[in-house]
J.: 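Here's a structure for you.
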Amino acid sequence: MTTTPITPTGLLPTLPGPAYTDPATFLREQERIFEARWFCAVRAGDLLTPGSFRTVTVGRENVLITRGRDGALRAFLNVCRHRGARLCTEEAGQVRRTFRCPYHAWTYAPDGRLVAAPNLKDLPGLDRSAHGLIGVALREWLGYAWVCLADEPPSFEETVIGSVSARLGDDRAVERYRPADLVLGRRVTYDVRANWKLIVENFMECYHCATIHPELVQVLPEFAQGWAAQAAVGHGAAFAQDVEGFTVDGSGGFGRLPGLADEQDRRYFATTIRPQVFVNLVPDHVILHRMFPLAPDRTRVECDWLYAADVIDGGADVSASVELFHRVNEQDFAACERTQPAMHSRAYAAGGVLVPTEHHITEFHHWVTSLLA
Amino acid sequence: MTTTPITPTGLLPTLPGPAYTDPATFLREQERIFEARWFCAVRAGDLLTPGSFRTVTVGRENVLITRGRDGALRAFLNVCRHRGARLCTEEAGQVRRTFRCPYHAWTYAPDGRLVAAPNLKDLPGLDRSAHGLIGVALREWLGYAWVCLADEPPSFEETVIGSVSARLGDDRAVERYRPADLVLGRRVTYDVRANWKLIVENFMECYHCATIHPELVQVLPEFAQGWAAQAAVGHGAAFAQDVEGFTVDGSGGFGRLPGLADEQDRRYFATTIRPQVFVNLVPDHVILHRMFPLAPDRTRVECDWLYAADVIDGGADVSASVELFHRVNEQDFAACERTQPAMHSRAYAAGGVLVPTEHHITEFHHWVTSLLA
Amino acid sequence: MTTTPITPTGLLPTLPGPAYTDPATFLREQERIFEARWFCAVRAGDLLTPGSFRTVTVGRENVLITRGRDGALRAFLNVCRHRGARLCTEEAGQVRRTFRCPYHAWTYAPDGRLVAAPNLKDLPGLDRSAHGLIGVALREWLGYAWVCLADEPPSFEETVIGSVSARLGDDRAVERYRPADLVLGRRVTYDVRANWKLIVENFMECYHCATIHPELVQVLPEFAQGWAAQAAVGHGAAFAQDVEGFTVDGSGGFGRLPGLADEQDRRYFATTIRPQVFVNLVPDHVILHRMFPLAPDRTRVECDWLYAADVIDGGADVSASVELFHRVNEQDFAACERTQPAMHSRAYAAGGVLVPTEHHITEFHHWVTSLLA
């Protein structure tokens, strides 16, 4: 399943600096990427009971996601159809039966139907079915609710599942970790003052690992060479011989998730699910990042550490395990933040260069460029 | 004097969301509404002595209003004619005889004339009369100074006084309360993160009253039906039978202002004086709101509670009286603030709907639209 | 050397208000003035040892200035050529031998050459000489490093040195103070909420001195008349007879710098070195302001008080000396800050007027206007 990284030579250009700073470019990215493609919004496990809800920023929209009485998750624009008040202002909560707008009390069922409004009987002209909440497409996968604001969403199979398979070389590579069955052990939210594309590029390459990730390199020695896990299809980085688990101190983790193939043991796999998800796979846990681009120079990142249910239910201490990638995150985001200001410089007006171990980033640039064209 | 509210049916459209967020629209509103129409700036009673002054934001301008030695109020652009320093930076104050610019000491009389400047005798080219403060039209009515930045102000009688008469159905309905003779009992300033039009619309309708104004509905039971005082010409909402006064706890107020007609007793009347004033009339006091639109999503509101002079001079406790509408204000502005963010949503790109009890808001929308056209 | 100030009569126009507020105008100023002319960036004495560095904002760029092993100062755009990270994020510091980018460890010599990068031997396509830091022209004069971002800098002799000579009427007037040999006694940084041109205009005229600078006028009585030191070529303002030194309390200073001409004693000379430097010369010290325009309405000003080395090395108390111009600075910047808001007013849409003692400011306006044309 592992393949030897190929070695391209020479330098390739990056995107020009303005791609990371121009408000008009960011607006097009919102329209054509984050509001047009499948977007990983919330962990399904955060919405266990009927009436539980979360509100999330998807592109420029606030989206309400809630579980219905029938057990299904649904997503809506979080806007009352009457006079436009935000229906739910909390980031998370639970309603008993309905969503009642706190302005004029228009009331919606968890499936979006308008079920009540003051003086409704005096409104013969009101076609209730035409004034339900505006729905948003939703799919569940890997234990997350993915939403799409497009009127005609692209194929989930091709644009989401297919892209993971292409990267990991195996349709079932991710699913063997059964992320949907795992349980949230820790969540950390980062407010990063950098463009989302800098964060993607940073995640895709490991040329920086030796410089800024001492702890990670100790666990994954090949990262010191600068070869990224993502540079070759299906490649997983091997743990150092003296390391027991994927932890900040090399201590043992929590065994091996059931169903993993032998070649998945003692290895770290990573993939980017465009446009805004990073998945990190190690034998005993999964780390999943969701990015929420807020401005050309600002991105919120939520990072989930997921473990087998018995690990969390048994009260195991996941600190050594969480701490490793939390440090990696902080190191990476600091690097992105010191890169963002120079995107305005005439020194970067035509961009910089990618060395061979970064060449695969070019494909990401082509993907972005083609979507904005 | 009261008339039965008419009952229109069906739904009418609101303004589209961008009308509440677009900076270019807000700029046009500043130019064609707040800087072109009569604008209620300050309470005349705040400027009792010659040389007392207030500075207020009218549209995009800072206006200096001051009382002259002759007792008259006058308004000027608050800008020194020499090098443009702001003449008065305080919001309120008192000068002895003149306004002296703190930069180069150009000195102006309270009537705006340039009366002194250093080396003035060495300035043979200086035509003093051409370098006085730039005056702004000013009218006093209801105890307030109304200013107009237009070169040729519209008729005060038609656009201000006439609009009140049309709403209340009687030329003297407001004047019977003699607001100019009343005394300020309390002033509260609110910094509202919402477009000024959302605040107007909120004030015009009472469909939200049952939902967000429990205290107000207890005093004015018909408001629970959603019929706004402003929906019908001359209509006043009757106090609840068990209520003694317009107070947060239904306790008695301060009698009946002299000159009120019987049909004004135990009733609440309200009117909007476009573009930025709300007047609330109850038997023993008057509540007057002035809005100062600062940005598409930000409006400062000053609310005055006015009582008979003997009430205030006698040291009466106006708390129960003030508290009622202070709560109403906080409830209303919270509703406006939760509406503002959704004005950006695609869900509101074409606007929302007005139910029959809100239909009279349409006329306000037409008024705005016609002024911006 | 002194000449009698001429006395023009009448009024001249200023720039119109939008020149001080319009973002497009400010952008053109950045491009055609601050990024195109010589800009006084740092005091050379702040960079004494090889490897010491400062980072400064010049126009819209961040510039790294460092002293090489050969003792020479050099300036570079502070951007790594690989992926655009800011090379140095500190405002000041010291490297041992090289500048190493903290992202991917590309490493540059203090002369800008790329000297190392991870896997550099695997990068046959990498022409090191093409990936050194981007250099910026640098000249030392008066003890400061002046930089120019233009590809073809204008003549330093004509645009910087020549302009001082023209103002002071003598090529050697400034150099007699030997500012390069002086030592920094105090530095104060001011964050001024005003356009940089308001600060220049303020520095150029003294019509405001009687109004806002009581301490300065006590030392330089002729300033009370409003005649600026800069209004006539070569004119120096005489100290008051009862004053011993240029201090806040008239106490004695620190003698007379060696090399000064008799006519420079007991006199204050001042000049503006466009676009962003003010020089103040008194017998025992030199005060030099550098402005860093950050936004149409925001300018950072760094002010250095420079003394003979033996004064500072001897531990003399320079407080009375510093305090005088520190107060002048605070008084001036407060005046500029109260002028900035009115630049938006319709009252200043066509600008204000310059009285005769301010007429020489017109030439500054012509200079700005011609560069932006």
Side-chain angles (χ1 to χ4, degrees), chain A residues 5 7-21 193-195 197-198 201-202 204-213 217 223-228 331-359 361, chain C residues 23 27 30-31 34-36 55 57-64 75-91 99-108 112 114 116-128 130-136 148-151 294:
Chain A
T7 310
T9 60
L11 303 174
L12 292 176
T14 68
L15 294 176
Y20 303 87
T21 63
R193 302 287 165 160
N195 186 272
K197 297 191 296 295
L198 290 180
E201 295 160 10
N202 169 280
M204 290 184 75
E205 52 93 358
C206 206
Y207 185 49
H208 66 270
C209 290
T211 313
I212 71 174
H213 296 319
V217 164
F223 275 14
Q225 311 314 312
W227 293 106
Q331 292 153 349
D332 279 335
F333 300 154
C336 293
E337 289 186 340
R338 81 181 294 153
T339 302
Q340 182 66 34
M343 297 297 101
H344 289 279
S345 172
R346 60 173 70 181
Y348 214 74
V353 293
L354 300 173
V355 301
T357 49
E358 300 171 319
H359 279 189
I361 294 175
Chain C
L27 177 60
Q30 296 278 41
E31 291 171 342
F34 302 108
E35 299 174 7
T55 58
T57 299
V58 178
R60 295 162 297 170
E61 295 291 340
N62 193 268
V63 173
L64 168 67
F76 307 98
L77 296 179
N78 184 14
V79 178
C80 178
R81 298 300 304 280
H82 170 220
R83 293 267 301 285
R86 185 157 282 185
L87 202 57
C88 299
T89 51
E90 306 82 7
E91 285 205 359
F99 291 92
R100 181 172 176 272
C101 178
Y103 196 173
H104 301 87
W106 281 34
T107 303
Y108 303 89
L114 175 64
N119 307 342
L120 195 59
K121 64 182 183 324
D122 302 333
L123 304 178
L126 179 60
D127 172 11
R128 282 198 215 181
H131 291 85
L133 296 177
I134 296 177
V136 169
C148 182
L149 292 172
D151 290 333
L294 302 177

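Chain identifiers are assigned alphabetically (A, B, ...) following the order of the sequence lines, protein sequences preceding nucleic acid strands; residue numbering begins at 1 within each chain. Computed over heavy atoms, backbone and side chain alike; hydrogens, waters and symmetry mates excluded.
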J.: Would you call Arg346(A) and Glu31(C) a salt bridge, using N to O less than 4.0 angstrom?
T.: no
J.: Without hydrogens or angle criteria, can the side chains of Glu61(C) and His344(A) be said to hold a donor-acceptor pair below 3.5 Å?
T.: no
J.: Taking the side chain as C-beta and beyond, is there a heavy-atom pair between Val353(A) and Arg81(C) under 4.5 Å?
T.: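 Counting from C-beta outward, Val353(A) and Arg81(C) never come under 4.5 Å.
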J.: Between Arg83(C) and chain A, with a heavy-atom cut-off of 4.5 Å, which part of the residue counts as in contact: side chain, backbone, both or neither?
T.: both
J.: If you round to the nearest 0.5 Å, how far is OG1 of Thr339(A) from NE2 of His82(C)?
T.: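 If I round to the nearest 0.5 Å, the distance is 10.0 Å.
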J.: Tell me which of these, Ala117(C), Cys101(C), Ala105(C), Gly84(C), has more heavy-atom pairs under 4.5 Å with chain A than the rest.
T.: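 Of Ala117(C), Cys101(C), Ala105(C), Gly84(C), Gly84(C) has the most heavy-atom pairs under 4.5 Å with chain A.
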J.: Looking only at heavy atoms, what is the nearest atom pair of Pro118(C) and Tyr207(A), with distance?
T.: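 Minimum heavy-atom separation between Pro118(C) and Tyr207(A): O-OH, 2.7 Å.
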J.: Is Asp332(A) close to chain C through its backbone or its side chain, or both, or neither, when contacts mean heavy atoms under 4.5 Å?
T.: neither
J.: Could you tell me the separation between the OG atom of Ser345(A) and the CG atom of Asn78(C), rounded to the nearest 0.5 Å?
T.: 8.5 Å
J.: Where does the angle between the aromatic ring planes of Tyr103(C) and His208(A) fall among parallel (under 30°), tilted (30 to 60°) and perpendicular (over 60°)?
T.: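 The rings of Tyr103(C) and His208(A) sit tilted, inter-plane angle from 30° to 60°.
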J.: With a cut-off of 6.0 Å (strictly less than), are more than 12 heavy atoms of other residues, nucleotides or ligands near CD of Glu90(C)?
T.: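 Enclosed.
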J.: Would you call Thr211(A) and Arg100(C) a side-chain contact if the rule is heavy atoms closer than 4.5 Å?
T.: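 A side-chain contact exists here, since the closest heavy-atom pair is under 4.5 Å.
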J.: Considering only heavy atoms, which portion of Gln225(A) lies under 4.5 Å from any heavy atom of chain C: side chain, backbone, both, or neither?
T.: backbone
J.: I need the residue from Leu87(C), Thr89(C), Asn62(C) with the largest number of non-hydrogen atom pairs under 4.5 Å to chain A.
T.: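 Top count of heavy-atom pairs under 4.5 Å with chain A: Thr89(C).
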J.: Can you check whether Arg86(C)'s main-chain N or O pairs, donor with acceptor, with Arg338(A)'s side chain at less than 3.5 Å?
T.: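 Pair found, side chain donor or acceptor close to backbone of Arg86(C).
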J.: Which bit of Leu149(C) comes within less than 4.5 Å of chain A, counting heavy atoms only: side chain, backbone, both or neither?
T.: both
